[in-house]
Trainee: 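Below are the structure tokens for one structure; questions will follow.
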Amino acid sequence: LTGIFMAEILRPDLCVLGAGAGGIAAAYAAAAAGARVVLVERRRLDDGHPSPALAMHVLIEASRMAAAWQSTTSPGKASFGLASDLAPFKSVVDIAALRTRAQTLASRLALDSPIRLDALRIRTIQGTVRFTGKTRCEAAGFTIEPKWFVIAPGAAPAPITGIKRFEFVRPLEPQAFLDLEAWPKRLVLLGGSGHGLALAQAFRRLGSEVHLLEPGIFLPGEDRELVTPILTRLQREGVELHENTAVERVEPHLSGLRIGAVQAGCDLQLEASHLMLTTPPMPLVEGLGLSEAGVDYDKNGIKVRADLRTSNPNIYAIGDVLGGTQSLGSARSQGRRVVAHIFKIKPFFKTRHSGAPQTTRSVFTDPEFAAVGLSESEAQKSHRDIRVLRARFHDNFAAELAGESDGHVKLITDARDRLLGVGIVGPQAREMIALYALALSQGLRAGDLRGFVPATPSLSEAGSLAALALPGQLGKALWRRIFPVPRRFR
Ligand SMILES: Cc1cc2nc3c(=O)[nH]c(=O)nc-3n(C[C@H](O)[C@H](O)[C@H](O)COP(=O)(O)OP(=O)(O)OC[C@H]3O[C@@H](n4cnc5c(N)ncnc54)[C@H](O)[C@@H]3O)c2cc1C
């Protein structure tokens, strides 16, 4: 084995490009299957730098704690039976402590630690990859000629065009708050993605004045009735939400920035201490030499077949570089799936229904949002007859007990009761959605969800109650009254 790696030309079974979520999962799975693996990554592995996702969650958890603390000292919480003599909460963020926490977690959770990779006999090379032929690539002076490639370079913030004077400002990257000297006083976020909404709420809860600007609508493609409780809460907490707002100009102003935008035909002028981009990232397809490798791609990502093979049969692509909805879970799952395909590991991800694992979509706001499968409008387009079943957390013992009963569970089925999609907005939605992801991947019916009795009190009871709901008996008008979408969010 060592002989293979001593020469400048490496000939492993598999070469993985990119040691992010997808690449690491593919490399681990291939090594577990006994394959000889080379993993190439341009950054230094295990550099202790928290990933954007980790930094965001450290921030969100700190903000949740701040919000809980704040509400413990608020008079409303006397209803919990606690006589509170705590001092009123005042948010003071210790950035250095946040940074230490993020770095500690990054090193504890480091799947890309060279020691672990070494132990699995995965050969790592630090360098930027470029294909020089259909079966060959180069990195850090090595030529690599494997039997198969897995490409997983991820995505990067899309270049901003069409905003005047943008070249004179340096927006913050989502994880860059860890390196700030002072907490942002007035933060403007550009891009109403799920991460944008979560970051906006977190910064607001930690004391910043926050404006979130989005050229279209927040979370397009998701059911508006599930998005509305999030927007309502953010507004109640003081986040300024600006939908259908096009930024036209950003320029340095005094010690901060001035932002000029147009909202519904009217001018909007904002001043900010910091600007952060939360626009959807673009797949990293340039600079890899994909044309030399015979891999079809465009700016929206690498083109793959259902089995994730590219136009070059020896090259697979996974993760954010494919474009579309991005998540750590789907990149990892795709990494394991391609390895199972390449090395013919069976049965793997065998499902009765679609053949592919169901990808969940989550937004880490409070209340949380999580969904799997089709939204109601997608289901209406692809099916002639659908049914929508709902249950509110207001009718759920556990949610009411915790004082977190905003939101509801929504099940969408076809006329024969088969589940097409599930959306949840409310407490612990990201945990609750797992059951429905499994149900969808197995082609289950709503009736199957009536076949078990969850613990009481538990949030899962809301899902069971939704499966028992009979929308026909209640009629549309009543549902609209119970789950209204305020005019401003329609
Ligand atoms: C702020 C933020 C928060 C997020 N939060 C979440 C979350 O909570 N949950 C969730 O599921 N997802 C989250 N995501 C999305 C998630 O991080 C991505 O979907 C996931 O990391 C994609 O995995 P990947 O393997 O495709 O790419 P990445 O994890 O980005 O890895 C790509 C790797 O390839 C390397 N690379 C790139 N080009 C080359 C080259 N030419 N040569 C060598 N190496 C190269 C890069 O250095 C990188 O290490 C978040 C994203 C952001 C920006």
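Start at 1 and go down the list; that is how both ligands and their atoms are numbered.
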Trainee: Which atoms of ligand 1 are found less than 4.0 Å from any heavy atom of G319?
Mentor: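 So the answer, numbered in order with elements, is 26 (O).
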Trainee: Pairs of nitrogen or oxygen atoms closer than 3.5 Å, one from T128 and one from ligand 1: do any exist?
Mentor: no
Trainee: In ligand 1, which numbered atoms sit nearer than 4.0 Å to a non-hydrogen atom of M56?
Mentor: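 Counting atoms of ligand 1 from 1, those under 4.0 Å from M56 are 3 (C), 5 (N), 8 (O).
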Trainee: Among all protein non-hydrogen atoms, which one is nearest to atom 3 (C) of ligand 1, and what is the separation to 0.1 Å?
Mentor: A53 CA, 3.5 Å
Trainee: Strictly distance-based, threshold 3.5 Å: is any side-chain N or O of N312 a donor or acceptor partner for the main-chain N or O of K134?
Mentor: yes
Trainee: Please list, in number order, the atoms of ligand 1 under 4.0 Å from a heavy atom of P174.
Mentor: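 That gives atoms 1 (C) of ligand 1.
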Trainee: When you measure from atom 34 (O) of ligand 1 to every protein heavy atom, which one gives the shortest distance, and what is it?
Mentor: G18 CA, 3.3 Å
Trainee: Nearest non-hydrogen atom to atom 2 (C) of ligand 1 belongs to which of P52, G194, G23?
Mentor: P52
Trainee: Which is it for A331 and ligand 1 at heavy atoms under 4.0 Å: side chain, backbone, both or neither?
Mentor: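 Contact part for A331 vs ligand 1: side chain (C-beta onward).
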Trainee: If you take the nearest heavy atom of each of E173, R43, H195, R130, which one is closest to atom 50 (C) of ligand 1?
Mentor: H195
Trainee: Taking the side chain as every heavy atom from C-beta outward, state whether L14 and V38 have any pair of such atoms under 4.5 Å apart.
Mentor: no
Trainee: What is the closest protein heavy atom to atom 8 (O) of ligand 1, and at what distance does it sit?
Mentor: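 Minimum-distance protein heavy atom for atom 8 (O) of ligand 1 reads H57 NE2, 2.5 Å.
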Trainee: Quiz question: by atom type and distance under 3.5 Å, do the side chains of Q175 and H49 form a donor-acceptor pair?
Mentor: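 Q175 vs H49: no donor-acceptor pair found between side chains.
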Trainee: Just to confirm my output: which protein heavy-atom neighbour is closest to atom 10 (C) of ligand 1, and how far is it?
Mentor: L328 N, 3.4 Å
Trainee: Counting distance only, does the side-chain N/O of Q201 pair as donor-acceptor with the main-chain N or O of D366 below 3.5 Å?
Mentor: yes
Trainee: Is any side-chain N of the basic residue among R130 and E292 closer than 4.0 Å to the acidic one's carboxylate O?
Mentor: yes
Trainee: I'd like to know whether F364 forms a ring pair (Phe, Tyr, Trp, His ring centres under 6.0 Å) with F369, so could you lay out the CA-CA distance, the side-chain angles of the two residues, the decisive distance to 0.1 Å, and finally the verdict.
Mentor: CA-CA 7 Å; F364 305 101; F369 164 86; over 10 Å; no
Trainee: Under a 4.0 angstrom heavy-atom cut-off, which atoms of ligand 1 come close to A152?
Mentor: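 Near A152, meaning under 4.0 Å from one of its heavy atoms, ligand 1 has 32 (C), 33 (C), 34 (O).
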Trainee: At what distance is the nearest protein heavy atom to atom 27 (O) of ligand 1, and which residue and atom is it?
Mentor: G154 CA, 3.3 Å
Trainee: Check this for me: does any side-chain nitrogen of one of E248 and K164 sit under 4.0 Å from a carboxylate oxygen of the other?
Mentor: no
Trainee: Going by an N to O cut-off under 4.0 Å, is there a salt bridge joining R165 and E167?
Mentor: no
Trainee: Could you name the option among V129, V321, V363 that has the heavy atom nearest to atom 42 (N) of ligand 1?
Mentor: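 Ranked by closest heavy atom to atom 42 (N) of ligand 1, first place is V129.
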Trainee: Check whether the side chains of S333 and S330 place a donor and an acceptor atom closer than 3.5 Å, and report yes or no.
Mentor: no
Trainee: Tell me whether S330 reaches ligand 1 (any heavy atom closer than 4.0 angstrom to a ligand atom).
Mentor: no
Trainee: Using a 4.0 Å cut-off to any heavy atom of L288, which atoms of ligand 1 qualify?
Mentor: 41 (N)
Trainee: Has R332 got any heavy atom lying under 4.0 angstrom from an atom of ligand 1?
Mentor: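 Outside the 4.0 Å threshold, so no.
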Trainee: Determine whether a donor-acceptor pair (N or O, by modelled atom type, separation under 3.5 Å) exists between the side chain of S311 and the backbone of G294.
Mentor: yes
Trainee: Ion pair present between E271 and R186, side-chain N to carboxylate O less than 4.0 angstrom?
Mentor: no
Trainee: Considering residues at least two apart in sequence or located in another chain, which fulfil the side chain to side chain contact (heavy atoms under 4.5 Å, CB included) criterion with S375?
Mentor: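 With sequence neighbours excluded, S375 shows a side chain to side chain contact (heavy atoms under 4.5 Å, CB included) to D223, S377, E378, given in chain and number order.
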Trainee: Is the shortest N/O to N/O distance between A21 and ligand 1 below 3.5 Å?
Mentor: yes
Trainee: Just wondering, do V425 and V409 contact through their side chains at under 4.5 Å, heavy atoms?
Mentor: no
Trainee: Counting non-hydrogen protein atoms only, what is the nearest one to atom 46 (C) of ligand 1? Give residue, atom name and distance.
Mentor: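 Sorting protein heavy atoms by distance from atom 46 (C) of ligand 1 puts E41 OE2, 3.4 Å first.
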Trainee: So, D118 and R123, do they make that salt bridge, N to O below 4.0 Å?
Mentor: no
Trainee: Heavy atoms only, cut-off 4.0 Å: how does R42 contact ligand 1, side chain, backbone, both, or neither?
Mentor: both
Trainee: Between P153, A156, G127, which one has a non-hydrogen atom sitting closest to atom 37 (C) of ligand 1?
Mentor: P153
Trainee: Of the protein's non-hydrogen atoms, which lies at the shortest distance from atom 19 (O) of ligand 1, and what is that distance?
Mentor: D320 OD1, 2.8 Å
Trainee: Students should be able to answer this: which protein heavy-atom is nearest to atom 28 (P) of ligand 1, and at what distance?
Mentor: G20 CA, 3.9 Å
